[in-house]
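Bear in mind that the values here come from a model prediction, so they are computed numbers and not experimental data. Counting starts at 1 for both ligands and their atoms, in listed order. Nothing fancy with the numbering, it's 1 onward along the sequence.
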Amino acid sequence: MSTVSVIPVDALRPRGAATEAAQAATRWPLERVEALYELPFLDLLYQAQQVHRAHFDANQVQLSTLLSIKTGGCAEDCGYCSQSAHHDTGLAAGKLMALDEVVEAARAAREQGATRFCMGAAWRSLKDRDLERVAAMIGAVKDLGMESCVTLGMLSAEQAQALKDAGLDYYNHNLDTSPEYYGSIVSTRTYQDRLDTLAHVRDAGIHVCCGGIVGMGESRRQRAGLVAQLANLDPYPESVPINNLVAVEGTPLEHARPIDPFEFVRTVAVARITMPKAMVRLSAGRQQMDDALQALCFAAGANSIFYGDTLLTTGNPQVQRDRELFERLGLRACG
Ligand code: SAM
Ligand code: DTB
Ligand code: SF4
């Protein structure tokens, strides 16, 4: 069993692993993460750059393309999400896409330069009856020579193993915010549900892609709480998406006050420092950022983006705009 070292809430401790020694060994106590956030901006960026350059070519950025293979009508009530059946966002619910359409989209993404293809479904959890079709999609993406990633909601241990057997490289399952703030954003599942799925993914030998969203009205301490949770996963995720809330009309977070852009950059930097070898992905919200802010995020240690004109249901910068940005910054796409 993989272990999950979790910070302060007793109820969230992994079953059977809540020894004092384990807590003492916590790599990133909340206070330490908060202290990073408190650094002068330029000192924080300098530290993040040093960590980044110790582990990566700082001018290389990995490109993943997303596809929503099953859109809308989701049973969960996540306050940020356009796809929840609990919110009236005007998004029509669709069915699981056909294999040939998925293959066509993956091939187009590969031609544009993406090395990983991520398929997302608006499900609370994967149903066994859909497993075979999703497995076929994963196999087809692998046959194109791309890395595969899916995000399908909660998984059992057996389902995680079946996805691994189908050739899955990454499973995306975000913790989204700190344990203390989670109940203000989602009521239909618990933080522990998320941790359980992450443990199943890890135990099946699939790479973990796990991050969160900022700009949902959380405090800095709660942002630090999210990063601490991620950094104390044992091991920490290979891929850490940092999403800036896309405030979707009709969701409870429609009028959330946008986060200070420098606070967003700080979050990227703190993620880089606390998870040195992870791919830190500058994720949702890029369309709302100007080039200078994105450049700061790369300077803070972001080294991966979602590439392609749409995310799942919302917009992303046009491929041409990203190409121009990479050109201006001397960034290179990498596998
Ligand atoms: N249903 C699955 C789940 O929740 O794990 C997979 C799809 S869900 C859309 C994947 C992730 O997208 C969420 O965990 C959240 O972090 C991110 N996301 C969804 N809506 C967003 C929004 N409006 N702004 C920023 N990130 C968002
Ligand atoms: C992640 O952390 N961000 C991506 C991916 N994982 C699946 C999704 C962002 C979704 C943004 C809102 C939308 O397009 O629906
Ligand atoms: Fe459903 Fe995922 Fe959206 Fe939550 S984030 S409502 S689980 S699609």
Side-chain angles (χ1 to χ4, degrees), residues 64-91 93-94 96 116-127 130 134 148-155 170-177 182 185-191 193-198 201 208-218 226 230 237 239-256 258-259 264 267 271 278-289 302 304-317:
S64 295
T65 291
L66 277 170
L67 176 70
S68 179
I69 57 169
K70 195 275 164 202
T71 303
C74 184
E76 301 274 31
D77 69 352
C78 312
Y80 47 78
C81 188
S82 61
Q83 306 199 66
S84 166
H86 297 257
H87 320 318
D88 189 7
T89 61
L91 188 77
L96 184 59
R116 189 178 305 162
F117 195 64
C118 306
M119 297 168 275
W123 287 326
R124 170 176 161 75
S125 54
L126 173 62
K127 302 234 168 27
D130 293 317
V134 174
S148 59
C149 174
V150 292
T151 179
L152 313 168
M154 290 183 274
L155 295 182
Y170 286 82
Y171 195 80
N172 169 242
H173 200 66
N174 291 339
L175 288 176
D176 281 328
T177 189
Y182 200 72
I185 301 296
V186 187
S187 77
T188 49
R189 58 167 185 258
T190 65
Y191 215 73
D193 289 332
R194 295 306 261 189
L195 293 171
D196 289 347
T197 291
L198 289 168
V201 169
V208 171
C209 172
C210 181
I213 311 177
V214 296
M216 298 196 293
E218 74 285 343
L226 165 67
L230 296 168
S239 167
V240 179
I242 306 292
N243 296 278
N244 197 351
L245 177 73
V246 179
V248 177
E249 212 180 306
T251 62
L253 290 173
E254 171 181 0
H255 300 298
I259 190 172
F264 184 82
T267 303
M279 301 301 290
V280 175
R281 189 183 313 275
L282 176 53
S283 302
R286 269 199 318 119
Q287 201 178 34
Q288 289 73 34
M289 294 177 196
S304 166
I305 59 167
F306 285 119
Y307 179 67
D309 301 348
T310 52
L311 291 165
L312 290 173
T313 66
T314 65
N316 199 42

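Counting only heavy atoms of the protein, atom 9 (C) of ligand 1 lies nearest to L312 CD1, 3.5 Å. The nearest protein atom to atom 4 (Fe) of ligand 3, hydrogens excluded, is given as C78 SG, 2.3 Å; this is a heavy-atom distance. Annotation: atom 4 (C) of ligand 2 to nearest protein heavy atom, F306 CE1, 3.6 Å. Nearest protein heavy-atom contact of atom 27 (C) of ligand 1 is I213 CD1, 3.7 Å. Closest to atom 14 (O) of ligand 1, if we only count protein heavy atoms, is D176 OD2, 3.2 Å. Summary of contacts: the protein heavy atom closest to atom 3 (N) of ligand 2 is N243 OD1, 3.0 Å. The protein non-hydrogen atom at the shortest distance from atom 15 (O) of ligand 2 is T313 OG1, 2.6 Å. Ranking the protein heavy atoms by distance from atom 8 (C) of ligand 2 puts L312 CD1, 3.9 Å first. In terms of protein heavy-atom proximity, atom 6 (N) of ligand 2 is closest to N172 OD1, 3.1 Å. Of all protein heavy atoms, the one lying nearest to atom 10 (C) of ligand 1 is N172 OD1, 4.1 Å. For atom 12 (C) of ligand 2, the nearest non-hydrogen atom of the protein is T314 OG1, 3.5 Å.
Here C74 does not reach atom 4 (Fe) of ligand 3: none of its N/O/S atoms is less than 2.8 Å from the metal. Among the backbone and side-chain atoms of C81, none of the N, O or S atoms lies under 2.8 Å from atom 1 (Fe) of ligand 3.
Judged by the shortest distance from any of its heavy atoms, G153 lies inside the 4.0 Å radius around the atoms of ligand 1. Assignment of A121 to the shell around ligand 1 is supported, since a heavy atom sits closer than 4.0 Å. In this structure, R194 has a heavy atom closer than 4.0 Å to ligand 1. Ligand 3 is never approached by H86 to a heavy-atom distance shorter than 4.0 Å. Heavy atoms of N174 come nearer than 4.0 angstrom to ligand 2 in at least one pair.
Annotation for ligand 1: atoms under 4.0 Å from non-hydrogen atoms of W123 are 1 (N). Residue L245 approaches ligand 1 through these ligand atoms, each under 4.0 Å from one of its heavy atoms: 24 (N), 25 (C). Near A122, meaning under 4.0 Å from one of its heavy atoms, ligand 3 places the atoms 8 (S). Heavy-atom contacts of P241 reach the following atoms of ligand 2: 2 (O) (cutoff under 4.0 Å). Interface atoms of ligand 1 facing A284, defined by a heavy-atom separation under 4.0 Å, are 25 (C), 26 (N). Every atom of ligand 2 is numbered from 1 in the order shown, and the set under 4.0 Å from a heavy atom of S82 is 15 (O). Less than 4.0 angstrom separates some heavy atom of N243 from each of these atoms of ligand 1: 16 (O), 25 (C), 26 (N).
Checked against a 3.5 angstrom limit, the closest N/O atoms of N174 and ligand 1 fall inside it. In terms of polar-atom proximity, R189 is not counted as a contact of ligand 1, lacking any N or O under 3.5 Å from an N or O of the ligand. Between Y80 and ligand 1, at least one pair of N/O atoms sits closer than 3.5 Å. Any N or O atom pair closer than 3.5 Å counts here, and V246 shares at least one such pair with ligand 1.
Listed for the T310 side chain is no donor-acceptor partner under 3.5 Å among the backbone atoms of T313. A donor-acceptor pair under 3.5 Å links the side-chain atoms of N172 to the main chain of C209, judged by distance alone. Although no hydrogens or angles enter the test, the distance criterion places no donor-acceptor pair under 3.5 Å between the side chain of Y170 and the main chain of C118. D176 contributes no side-chain N or O that, together with a main-chain N or O of G212, makes up a donor-acceptor pair within less than 3.5 Å. In this structure a side-chain-to-backbone donor-acceptor pair under 3.5 Å is present from T197 to L155. Using a distance-only test at 3.5 Å, with no hydrogens or angles considered, no donor-acceptor pair links the side chain of H173 to the main chain of M154.
Between T89 and S82, the side chains place no donor N or O within less than 3.5 Å of an acceptor N or O (distance only, hydrogens not considered). Side-chain contact annotation: D77 with S84, donor-acceptor N/O pair under 3.5 Å absent. When only modelled atom types and interatomic distance are considered, T188 and E76 share a side-chain donor-acceptor pair under 3.5 Å. In this structure, a donor-acceptor pair under 3.5 Å is present between the side chains of R281 and S239.
The two residues G72 and Q83 have their closest heavy-atom pair at N-OE1, 2.8 Å. Considering every non-hydrogen atom in both L282 and M289, the closest pair reads CD1-CE, 4.0 Å. Between G79 and H87, the shortest heavy-atom distance links the atoms CA-NE2, 3.9 Å. What you find for T65 and Y307 is that their closest heavy atoms are OG1-O, 2.6 Å. Nearest heavy-atom pair, A121 versus I69, reported as atom, atom and distance to 0.1 Å: CB-CG1, 4.2 Å. Minimum interatomic distance between S283 and N243 (heavy atoms only, all atoms of both residues): CB-OD1, 3.1 Å.
Proximity of T151 to ligand 1, defined as any heavy-atom pair under 4.0 Å, is shared by backbone and side chain alike. Contacts between H173 and ligand 3 below 4.0 angstrom, taking non-hydrogen atoms only, are absent altogether. With a 4.0 Å heavy-atom cut-off, ligand 1 is reached by no atom of L253. Neither the backbone nor the side chain of T314 comes within contact range of ligand 1; no heavy atom lies under 4.0 Å. Residue-level proximity to ligand 2 for L66 is carried by the side chain, the only part with a heavy atom below 4.0 angstrom.
A cation-pi contact, defined as under 6.0 Å to the ring centre and within 45° of the axis, is absent between R286 and F306.
Of the residues listed (V248, V246, I185), the one engaging L253 in a side-chain contact (heavy atoms from CB on, under 4.5 Å) is I185, and it is the only one.
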Given side-chain contact (heavy atoms from CB on, under 4.5 Å), test L152 with Y171 step by step and report yes or no. CA-CA 8 Å; L152 313 168; Y171 195 80; 3.3 Å; yes
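For atom 24 (N) of ligand 1, a protein heavy-atom neighbour is found at a distance under 4.0 Å. In this structure, atom 2 (Fe) of ligand 3 has its sub-4.0 angstrom surroundings free of protein heavy atoms.
Heavy atoms from other residues, nucleotides or ligands lying under 6.0 Å from CD of E254 number more than 12.
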